[in-house]
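Below: the structure, in C-alpha cells.
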Amino acid sequence: MNLVIFGPPGAGKGTQSIKLVKEFNLFQLSTGDLLREEVKKKSSFGNKIQDIMNSGALVPDEIINTLLEKKVSTPEYSNKIIFDGYPRNINQAKSLDDLLKKYNQKMSLALNLKVNNDILVKRIVGRLTCSVCNKTFNTFFDPPMTCEKPLCSSRELKKRLDDNEETISKRLKTYDEKTFPVIDYYVQKGIMKNVDGMQEIQSISEQLITIIRALRG
Ligand code: AMP
C-alpha cells in the first residue's frame, strides 16, 4: 500500500516513517531528504535549492515532481511508498494522483499527525540527526543516545541549516497557507486519519500501526 504521512514541520513524520518502514517493509520517500541529497552535490542547482530551503519557502513543484517520478517509477517501490513531506500543496496532491495512475498505483491512506505550534518549535530547534543512519534525536525530548546500528559509533550529530527559529516561523507559515488545505483534499477522498502527534513516540507508532493493520486486513 502507498500512504501519505502528513503534518507540520516537526510533527514527527520522519521519525514515524522509519518505524513504519520497518514494521511493514515499506519505502520512505522524503522529498526533504531528496532535496538535501541534491544540496550535498554543491552544484549551482543544489545551491539554488539550499537558498529556497533556508528561506522556509517551498521548492518549485516542477523540481520536486521530477525528483519524485524517478522514485515512484522504480518497480521495487511500487505500491510500497510512504510519502513524507509530499504533497505540500494542492497542485502536488493532484500531480501525485496523476503520477500514481501513470504507474498503475494508488493511494490507500493519509495519516495526519496533529501537534500544537509551541511544541513544534521546540522539536525543530532541538532536532539533531545522526550523520550515519539518519536517526533523529531531540535535545529537549529525546537526548542523543546511541543509534541502533553499531556503525554509528563514528557518527556526527548534525543540525539542519533550516532548523533555526527565524526559518521555522516561515516554514510554519508556509505550512498554514499552502499545505494545510491538502488535509481536506484527502478528507474528501475518505482516506484521512488523524492521530494525536503529541503523545510519546512509541504510543504514536502503535496507533499508526493499528490503523494500517486494520486497513490491510
Ligand atoms: P522537510 O525535510 O520535509 O522538513 O523539508 C525541508 C524543506 O525542503 C522545506 O521547508 C521546503 O523548502 C523543501 N521541501 C521539502 N519537501 C517539499 C515539497 N514537497 N515541495 C516543496 N518544497 C519541499
Side-chain angles (χ1 to χ4, degrees), residues 4-21 26-74 76-77 81-89 91-93 95-96 99 113 120-139 142 144 147-149 151-152 154-180 182:
V4 177
I5 190 150
F6 205 81
K13 302 185 292 290
T15 304
Q16 294 300 335
S17 295
I18 291 172
K19 297 197 175 267
L20 298 179
V21 161
L26 297 169
F27 171 74
Q28 178 191 7
L29 206 174
S30 153
T31 42
D33 285 350
L34 291 182
L35 292 169
R36 281 183 282 278
E37 286 301 312
E38 290 300 320
V39 169
K40 263 195 214 155
K41 293 179 191 163
K42 300 218 181 282
S43 59
S44 62
F45 176 62
N47 292 341
K48 200 175 127 200
I49 292 176
Q50 173 84 82
D51 289 344
I52 300 172
M53 290 170 84
N54 287 350
S55 77
L58 293 183
V59 171
D61 292 348
E62 311 82 68
I63 295 179
I64 301 284
N65 290 341
T66 308
L67 292 175
L68 199 86
E69 181 157 7
K70 286 188 192 151
K71 301 286 176 188
V72 172
S73 60
T74 306
E76 185 190 344
Y77 305 145
I81 304 175
I82 301 182
F83 293 88
D84 161 9
Y86 185 97
R88 259 182 155 95
N89 58 33
N91 248 344
Q92 291 185 5
S95 300
L96 180 56
L99 196 64
L113 299 177
L120 291 174
V121 173
K122 262 190 152 178
R123 282 194 185 172
I124 302 174
V125 175
R127 176 157 60 189
L128 292 170
T129 309
C130 167
S131 58
V132 181
C133 74
N134 266 339
K135 180 172 166 35
T136 52
F137 299 95
N138 189 288
T139 45
D142 181 18
C147 302
E148 285 160 31
K149 296 181 188 167
L151 253 179
C152 299
S154 63
R155 72 180 181 177
E156 243 181 88
L157 290 169
K158 294 197 164 177
K159 188 161 177 59
R160 278 171 46 173
L161 277 178
D162 57 347
D163 280 351
N164 61 74
E165 284 200 55
E166 201 188 320
T167 309
I168 290 163
S169 57
K170 182 74 203 303
R171 285 162 68 195
L172 291 174
K173 193 164 174 270
T174 303
Y175 173 82
D176 288 341
E177 290 172 3
K178 307 265 168 63
T179 312
F180 187 75
V182 180

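Going from atom CD1 of Ile82 over to atom CG of Leu26 covers 4.5 Å, rounded to the nearest 0.5 Å. The CZ atom of Phe6 lies 12.0 Å from the OH atom of Tyr86; values are rounded to the nearest 0.5 Å. Put simply, CG on Leu35 and NZ on Lys40 are 12.5 Å apart, with the number rounded to the nearest 0.5 Å. Atoms CG and CZ, from Leu157 and Phe137 in turn, are 6.5 Å apart once rounded to the nearest 0.5 Å. Here Lys158 contributes atom NZ and Asn134 contributes atom CG; the two are 9.5 Å apart, rounded to the nearest 0.5 Å. With values rounded to the nearest 0.5 angstrom, Asn65 atom CG is found 8.5 Å from Asn91 atom CG.
Ile168 places none of its side-chain heavy atoms less than 4.5 Å from the side chain of Pro9. Residues Val182 and Arg88 form no side-chain contact, since every pair of their non-hydrogen atoms from C-beta on lies 4.5 Å or further apart. The shortest side-chain heavy-atom distance between Gln92 and Asn89 falls under the 4.5 Å cut-off. Side-chain contact between Thr167 and Ile124 is absent, with no heavy-atom pair separated by less than 4.5 Å.
Annotation for Phe45: atom CZ counts as buried by contact number, over 12 foreign heavy atoms lying within 6.0 Å. Heavy-atom contacts from other residues, nucleotides or ligands closer than 6.0 Å to NZ of Lys159 number more than 12.
For Thr31 against Gly85, the heavy-atom pair with the smallest separation is OG1-O, 3.0 Å. When every heavy atom of Ile5 is checked against every heavy atom of Ser17, the shortest pair comes out as CG2-OG, 3.4 Å. When all heavy atoms of Lys135 and Cys147 are compared, the pair lying nearest together is CD-CA, 4.4 Å. Leu29 approaches Lys71 most closely through the heavy-atom pair CD1-CB, 3.5 Å. Closest heavy-atom contact between Gly14 and Asp84: CA-OD2, 3.6 Å. Contact detail for Cys133 and Cys130: the closest heavy-atom pair is N-SG, 3.3 Å.
Side chain of Lys13 to main chain of Gly7: a donor-acceptor pair is present (N/O by atom type, distance under 3.5 Å, no hydrogens or angles). Arg123 places a side-chain N or O within donor-acceptor distance of the main-chain N or O of Ala11, the cut-off being under 3.5 Å.
We find that Asp33 and Arg36 are joined by a salt bridge, their nearest charged nitrogen and carboxylate oxygen being less than 4.0 Å apart. Contact check on Asp162 versus Arg127 returns no salt bridge, with no Lys/Arg side-chain nitrogen under 4.0 Å from an Asp/Glu carboxylate oxygen.
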Residue pair Thr74, Lys70: steps toward the side-chain contact (heavy atoms from CB on, under 4.5 Å) verdict: CA-CA 7 Å; Thr74 306; Lys70 286 188 192 151; 5.9 Å; no
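Ring orientation note: the planes of Tyr175 and Phe180 are nearly perpendicular, at an angle over 60° on the 30°/60° scale.
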